[in-house]
Number of protein chains: 2
Amino acid sequence: MNNSHNIFEKNIHDEIIFLLSDIGNFFNKKGDLIAKKAGLTTLQWIILLNIARDPNLPVVKDNDMVHPGVLASEIAENRGVSRANISPIISTLIKNKYITQKDHSTDRRRKTLHISQKGMNALKSIQEERRFLNDRLFDSISKNNQSILVQSLQHLLNTVSGFPHEEKTDSV
Amino acid sequence: MNNSHNIFEKNIHDEIIFLLSDIGNFFNKKGDLIAKKAGLTTLQWIILLNIARDPNLPVVKDNDMVHPGVLASEIAENRGVSRANISPIISTLIKNKYITQKDHSTDRRRKTLHISQKGMNALKSIQEERRFLNDRLFDSISKNNQSILVQSLQHLLNTVSGFPHEEKTDSV
DNA sequence: TAATATGATTAAGCTTCTTAACTATTAAGT
DNA sequence: ACTTAATAGTTAAGAAGCTTAATCATATTA
């Protein structure tokens, strides 16, 4: 085997990053297939989950106490994408009756988003299939390692996204 | 707080999936910024790493013993994407002298890909910046948890990608 | 030899994402 | 109070990554 051109060292950090990138890509593609059965694209589905406040989503902020419903800008912030990216998808979801839009009570720039019964039904049908696949996926990873996984991933996401100013972080 | 519309249960598997998806997306975007400094898109960079055989990439197959260099179809398989997706990017990389292409010794359908000095230099400059960021990123995750992370992620990737026929898998 | 499979490419089109420009409304500064 | 800033949302134009289908050349197999 000729490895003379291989200047790279084995490095566990790089390895983890590449694994995360590949797995993320895979789930985004696989999500496509499942969501498509309910007539949604992956993004539409994720946005719908945000509006329905799925408790398993990594959430930056939950303003349910401040106002009922969800703002497009809050979804964009949670997803780490631009508002411009969310906007046309919201329009489609409204047009297809998965969600409704209301005027904010005091701030007329804002429009709050609310999931409809049809949207809820779509999420439920997707959820069933997902739950089945996911549970099988984690079958052979121990409970203990699953909880280490969650902690480490939350820590990584917090570090790379919203909180670059954090000086002290808990070790995991 | 009004949670009457929240029919979803807290579920660690869903939580992990969403975290993986978000983190994957983030790294793909962040990779963009770093790769761009070397004049590459994320995909170009990943493909270049495949051709240079970075040992940290999750690899399905390494055919270095079968033939020197890398085939476009091997890269597509490793990345889990179609050959059609890879093709124009290979052309660009050749045009920009990051890689070279040679005829396969015995099979004239095949074209083997080889990284050039310019390609190697680009990878080195990207690598430096990445190494610095990555090491900081994992600062507060213990060595032990890092190795659990690698094992679990490898297991997940193997399960979801190439090996759906596997009946028995090692517990991690 | 004929049918089939493999490797690579091209064309057309979809989804996700971006930045920039725009409107409307609210908040802040002086 | 009045001008300036920031915030919420939309739209337009375009880049990147992906797909399937069609095509061509070469290899394999039956």
Side-chain angles (χ1 to χ4, degrees), chain A residues 21-22 24-33 35-36 39-47 50 61 63 66-67 69-95 99 101-113, chain B residues 21-22 24-33 35-36 39-48 50-51 61 63 66-67 69-95 99 101-113:
Chain A
S21 175
D22 275 15
N25 282 339
F26 180 87
F27 284 132
N28 288 340
K29 268 196 224 167
K30 206 69 173 187
D32 255 12
L33 300 178
K36 196 170 285 171
L40 299 168
T41 68
T42 300
L43 234 207
Q44 288 174 352
W45 170 56
I46 295 285
I47 288 177
N50 269 270
K61 244 191 288 181
N63 286 329
V66 182
H67 54 246
V70 176
L71 304 181
S73 51
E74 288 170 349
I75 298 174
E77 191 192 351
N78 270 5
R79 297 287 313 146
V81 300
S82 64
R83 285 198 310 279
N85 184 25
I86 300 290
S87 213
I89 296 166
I90 298 287
S91 303
T92 305
L93 287 176
I94 293 173
K95 199 182 66 190
I99 59 175
Q101 201 174 44
K102 293 181 188 163
D103 289 339
H104 191 275
S105 51
T106 60
D107 189 334
R108 284 190 306 181
R109 288 171 305 183
R110 297 176 164 184
K111 300 172 186 173
T112 61
L113 303 170
Chain B
S21 175
D22 275 14
N25 283 338
F26 180 88
F27 283 133
N28 288 341
K29 269 196 221 164
K30 206 69 173 187
D32 255 12
L33 299 179
K36 195 170 286 171
L40 299 168
T41 68
T42 300
L43 235 207
Q44 289 176 352
W45 169 57
I46 296 285
I47 288 177
L48 215 46
N50 269 270
I51 295 172
K61 243 191 290 182
N63 286 329
V66 182
H67 52 245
V70 177
L71 303 182
S73 51
E74 289 170 349
I75 298 174
E77 192 191 350
N78 269 4
R79 297 290 310 147
V81 300
S82 64
R83 285 199 308 281
N85 183 27
I86 300 290
S87 216
I89 297 167
I90 298 287
S91 303
T92 305
L93 287 175
I94 294 172
K95 200 183 66 191
I99 60 175
Q101 201 175 42
K102 292 181 189 165
D103 291 337
H104 191 275
S105 50
T106 61
D107 189 334
R108 282 192 306 180
R109 290 171 304 184
R110 298 177 162 182
K111 299 173 186 173
T112 61
L113 304 170

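Numbers restart at 1 for each chain; the letters A, B, ... are given by sequence-line order, proteins then strands.
In this entry the distance linking CG of B:L33 with C1' of C:dT19 reads 14 Å, nearest Å. Atoms CG (B:L43) and P (C:dT16) sit 17 Å apart, rounded to a whole Å. Look at CD on A:Q44: it is 7 Å from P on C:dT16, rounded to the nearest Å. Rounded to an integer number of Å, the gap from CD1 of B:I75 to C1' of C:dG7 is 13 Å. As rounded to whole Å, 16 Å separates atom C1' of C:dC14 from atom CG of A:L40. Taking atom CG on B:D103 and atom P on C:dG7, their separation rounds to 15 Å, with Å as the unit. A straight line from CZ of B:F26 to P of C:dT18 spans 12 Å, rounded to a whole angstrom. For the pair B:K36 NZ and C:dC17 C1', the computed distance is 11 Å after rounding to whole Å.
Bracketed by its first and final contacts, the part of DNA chain D lying under 4.0 Å from non-hydrogen atoms of chain A reaches from D:dA6 to D:dT19 in 5' to 3' order.
In this structure, C:dT26 makes no Watson-Crick or G-U wobble pair, since no nucleotide meets both defining distances under 3.5 angstrom. In this entry C:dT15 has D:dA16 as its Watson-Crick or G-U wobble partner, both defining distances falling under 3.5 Å.
Closest non-hydrogen pair, B:I51 versus B:L113, comes out as CG2-O, 3.8 Å.
Shown here are the side-chain contact (heavy atoms from CB on, under 4.5 Å) partners of A:N50, two or more places apart in sequence or in another chain: A:I46, A:L57, A:I75, A:N78, A:R79. For B:T42, the side-chain hydrogen bond (donor to acceptor under 3.5 Å, both in side chains) criterion is met by B:D32, not counting sequence neighbours. Remark: A:F27 engages A:I23, A:L137, B:I17, B:L20, B:V160 in a side-chain contact (heavy atoms from CB on, under 4.5 Å) (not counting sequence neighbours). Qualifying side-chain contact (heavy atoms from CB on, under 4.5 Å) partners for B:K29, counting only residues two or more places apart in sequence or in other chains: A:V81. Every residue two or more places apart in sequence or in another chain that forms a salt bridge (Lys or Arg N to Asp or Glu O under 4.0 Å) with A:R109 is listed here: A:D107. For B:S91, there are no side-chain contact (heavy atoms from CB on, under 4.5 Å) partners at least two apart in sequence or on another chain. Remark: B:N25 engages A:N28 in a side-chain hydrogen bond (donor to acceptor under 3.5 Å, both in side chains) (not counting sequence neighbours).
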Protein-nucleotides 8-12 of chain C N/O pairs closer than 3.5 Å?
| unit_1 | atom_1 | unit_2 | atom_2 | d |
| --- | --- | --- | --- | --- |
| C:dA8 | OP1 | B:K111 | N | 3.3 |
| C:dA8 | OP1 | B:K111 | O | 3.4 |
| C:dA8 | OP2 | B:S73 | N | 2.9 |
| C:dA8 | OP2 | B:S73 | OG | 2.8 |
| C:dA8 | N7 | B:R83 | NE | 3.2 |
| C:dA8 | N7 | B:R83 | NH2 | 3.1 |
| C:dT9 | OP2 | B:S87 | OG | 2.8 |
| C:dT9 | O5' | B:S87 | OG | 3.2 |

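Base orientation of D:dA22: anti (glycosidic angle beyond 90° from 0).
Within the 4.0 angstrom heavy-atom criterion, only backbone atoms of the sugar-phosphate kind lie near B:T106; the bases stay farther away. Nucleic acid contact class of B:T41 (heavy atoms, under 4.0 Å, all strands): sugar-phosphate only.
Two residues are said to be in side-chain contact when any heavy atoms from C-beta on lie closer than 4.5 Å; B:L93 and B:Q44 meet this criterion.
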